[in-house]
Number of protein chains: 2
Amino acid sequence: MISPITLDALKVLDAIERKKSFAAAAEELFRVPSAISYTINKLEEDLAIQLFDRSKRKAELTPVGKMIVEQGRLILNATDELTHMAKQSASGWELELRICIDSILKFKPLYSLIALFHEEYPWIDIRLTEEVFGGTWDALNSGRCDLMIGADGDISGSKFTAKIIGTIDFIFAVKENHPLCLEQKPLTDAMIKKYPSIVVADSSRDLPTRSAGLLDGQARITVPSIDKKIEAHCQGIGVGYLPIHRITKELNSKELIALPLRDHENRQHDLYIAWGKNNKGKALAWFVNKLQQMEMRELLDY
Amino acid sequence: MISPITLDALKVLDAIERKKSFAAAAEELFRVPSAISYTINKLEEDLAIQLFDRSKRKAELTPVGKMIVEQGRLILNATDELTHMAKQSASGWELELRICIDSILKFKPLYSLIALFHEEYPWIDIRLTEEVFGGTWDALNSGRCDLMIGADGDISGSKFTAKIIGTIDFIFAVKENHPLCLEQKPLTDAMIKKYPSIVVADSSRDLPTRSAGLLDGQARITVPSIDKKIEAHCQGIGVGYLPIHRITKELNSKELIALPLRDHENRQHDLYIAWGKNNKGKALAWFVNKLQQMEMRELLDY
DNA sequence: CTATTAGTTCAATATATTTGAAGTAATGAT
DNA sequence: ATCATTACTTCAAATATATTGAACTAATAG
């Protein structure tokens, strides 16, 4: 026997310390005093350590005894928590929920949602990953996440449930003082094609790469994230569509200029959330519910 | 029953997971397979949670089961550690050691000693307090500390063991450009008495205040710590003796000037460590041993 | 100097665990 | 496909462990 300590003994020890008496502890635990005495004696014997000073009428904890009570309480709490966790997760709560978010969306509003969730269910792990364009669908499809929040482009098949929770406006934006600013508005295709377009790399691995509806015959510069794309626009390296909510700062400071196009409306993309149809997880349901209640404005962090 | 989990069940669960088999776990725990089966069945029943998937020949942990194994190991470790701690402290190791150090000494070298100690005995708490002059003796005398490291002035009686572990040199030092610098050397009492002396408050509460051997008939400015005294000297507010090792920086930068005195040698104070004679604590012994081995230079942090 | 309180001891009893033999069902080998 | 083997389960009996209540001891409060 490596450790002679038992949780029952720790419970008894705890009760004695709180009630300051063997008899009172016995009552609390629905046992007779002699049973308490037996448990403590056994623990002392097994440990070969005196836990109580019995020279007085009332038994008093020795310093070591006090320490065991204190540390023991931590252990008892841990087991109670473990029991609780186990019951929760056995009753339909996931042990972890993996959320994949399109990098077109801002993380911040999701953070506060996660914080809220974590307050209620601190034992459930939330794993957040980021993908660009089709990457979120791909992550869901290949089982790398349980819930995707992302740009549109629906997936075929009946494995997933998808809900549109809003739309994102895209506008054609270029750097201030960009040559295109001097051209006659609205801009034509020919004008635009003279400048490279900035494309965010599709992080899809399994799915066919999505064209993202870009103009043809134009030089392309591929960047790994939406942030880098915005940066590239600001540097004047290229031109293209950007989601309004991510560039409000740059538009306000006139770092980026929105330009009207002859052949394209300012485009709208649907914002989806999607998850496995037969995923009955309650944490998933919690997030789906909250996300649907959320105002688009909150999610985009205008 | 609040938590049906028992440490024994967690041990069994751990063994099964490691050995990947009920039978192997049984062997490891010197029980028959049916006993293992019984323990697991009981735990599953009490928790009302399926811990193993028995559809295959080899029982496999369910996700919840895996979690319980993982968390359970933490709990098992904690109990093992608790047992260890208890045995250690019952075998003569203190649960905490209170060290009181004279503020004349630097804390830093003691910190590394404490760090070293903490590496070997992480469960023993070290409480470090600081006192000025007689304060360390007083702290020891009144039971506020177990070990004092400090300036001299031996205590009468046989309650304590004291060891001299070195000496500290004190010199008479004043601010650069202080009027005393211009006087003829060596300085006489009369010259010094014109300027206030800086006295560190004796934090003693129970013991008669110690005169600290200062010149009489001189204005006194009382400061609460050695640092404030050095500061006061640097500001030219007063004059007096300072421990060399605490003012090497100021002496090198000529912020403070050491001056020779006619009537006093540069004084030496013995550096003591002392502790209760019948304190048989092993942590105390460890520190006493290490402190005696330490070079004065290390302790003063020259 | 009792009377009372607090905890202990002990034999009897109740409960829980372990055992070994027999059983079931899945896997692997032929 | 069949059969032996593996891996675990079930069950009754045996054993170990915990609980009880009655009798006991020792400290302290009145």
Side-chain angles (χ1 to χ4, degrees), chain A residues 1-62 64-66 68-69 72 76 79, chain B residues 1-62 64-66 68-69 72 76 79:
Chain A
M1 195 185 294
I2 304 151
S3 173
I5 292 175
T6 67
L7 293 178
D8 183 65
L10 291 179
K11 273 177 210 156
V12 171
L13 221 39
D14 166 63
I16 296 172
E17 200 283 331
R18 277 186 295 101
K19 297 282 184 175
K20 308 288 176 215
S21 137
F22 278 44
E27 194 176 9
E28 177 176 302
L29 298 167
F30 306 107
R31 304 184 203 182
V32 275
S34 61
I36 300 300
S37 218
Y38 169 85
T39 305
I40 296 302
N41 273 316
K42 188 166 179 341
L43 180 61
E44 286 184 318
E45 203 172 298
D46 290 349
L47 278 171
I49 295 173
Q50 195 78 353
L51 299 178
F52 284 91
D53 169 13
R54 284 136 162 123
S55 65
K56 315 260 168 60
R57 171 156 59 154
K58 276 190 104 72
E60 271 177 17
L61 277 165
T62 59
V64 186
K66 272 190 198 128
I68 294 189
V69 168
L76 288 173
T79 30
Chain B
M1 196 185 294
I2 303 150
S3 174
I5 292 175
T6 67
L7 293 178
D8 183 64
L10 292 179
K11 273 176 213 158
V12 171
L13 222 39
D14 166 62
I16 296 172
E17 200 283 331
R18 278 185 293 100
K19 298 283 184 174
K20 307 287 176 219
S21 137
F22 278 42
E27 194 175 9
E28 174 175 305
L29 298 168
F30 305 107
R31 304 183 203 182
V32 271
S34 61
I36 301 299
S37 218
Y38 169 86
T39 305
I40 296 302
N41 272 317
K42 188 168 179 338
L43 180 61
E44 286 184 319
E45 204 171 298
D46 290 350
L47 279 171
I49 295 173
Q50 196 80 349
L51 265 27
F52 285 91
D53 168 13
R54 283 134 163 126
S55 65
K56 316 259 169 58
R57 172 155 59 153
K58 277 190 103 72
E60 271 176 18
L61 277 165
T62 59
V64 187
K66 272 191 199 125
I68 294 190
V69 167
L76 289 173
T79 27

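Order of the sequence lines sets the chain letters (A, B, ...), proteins ahead of strands, with each chain counted from 1.
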Quick one: does [X]'s side chain have a donor or acceptor within less than 3.5 Å of a partner on [Y]'s backbone?
X: E44(A); Y: F52(A); value: yes
X: E60(A); Y: D53(A); value: no
X: K19(A); Y: I16(A); value: no

Taking for each residue the nucleotide of DNA chain D bearing the nearest heavy atom, is the 5' side occupied by E44(B) or by D8(A)? E44(B)
Checking side chain to side chain contact (heavy atoms under 4.5 Å, CB included) for the pair V12(B)/L43(B): CA distance, chi angles, key distance, verdict? CA-CA 10 Å; V12(B) 171; L43(B) 180 61; over 6 Å; no
Between I36(A) and A35(B), the residue closer to the 5' end of DNA chain C by nearest nucleotide is I36(A)
Would you compute the distance between atom [atom1] of [X] and atom [atom2] of [Y] and round it to the nearest 0.5 angstrom?
X: S3(A); Y: L47(A); atom1: OG; atom2: CG; answer: 7.0 Å
X: F22(B); Y: R31(B); atom1: CZ; atom2: CZ; answer: 13.0 Å
X: T79(A); Y: L7(A); atom1: OG1; atom2: CG; answer: 5.0 Å

Where along residues 48-62 of chain B does a heavy atom fall under 4.0 Å from DNA chain D?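 Nucleic-acid contacts, sorted: R54(B), R57(B), K58(B), A59(B).
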Nucleic acid contacts - residues 19-30 of chain A versus DNA chain D, non-hydrogen atoms under 4.0 Å: F30(A)
Under a 4.0 Å heavy-atom criterion, DNA chain C is touched by chain B from dA16(C) to dG28(C)
Check the pair K11(B) / L76(B) against side chain to side chain contact (heavy atoms under 4.5 Å, CB included), numbers first and verdict last. CA-CA 7 Å; K11(B) 273 176 213 158; L76(B) 289 173; 3.8 Å; yes
Tell me if the CD atom of E28(A) is crowded by more than 12 foreign heavy atoms within 6.0 Å. yes
Which is it for T6(A) and K42(A) under the side chain to side chain contact (heavy atoms under 4.5 Å, CB included) test, yes or no, and what are the steps along the way? CA-CA 11 Å; T6(A) 67; K42(A) 188 166 179 341; over 6 Å; no
Could you state the atom-to-atom distance from NZ of K11(A) to P of dA18(D) in whole Å? 14 Å
Can you tell me the distance, in whole Å, between the NZ atom of K42(B) and the C1' atom of dT10(D)?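 It works out to 17 Å between those atoms.
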Apply side chain to side chain contact (heavy atoms under 4.5 Å, CB included) to L10(B) and I68(B), showing your working. CA-CA 8 Å; L10(B) 292 179; I68(B) 294 190; 4.0 Å; yes
With a 4.0 Å limit, can you tell me whether Y38(A) has a side-chain N or O closer than that to the phosphate oxygens OP1/OP2 of dT19(D)?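 So the side-chain polar atoms of Y38(A) never come under 4.0 Å of the phosphate oxygens OP1 or OP2 of dT19(D).
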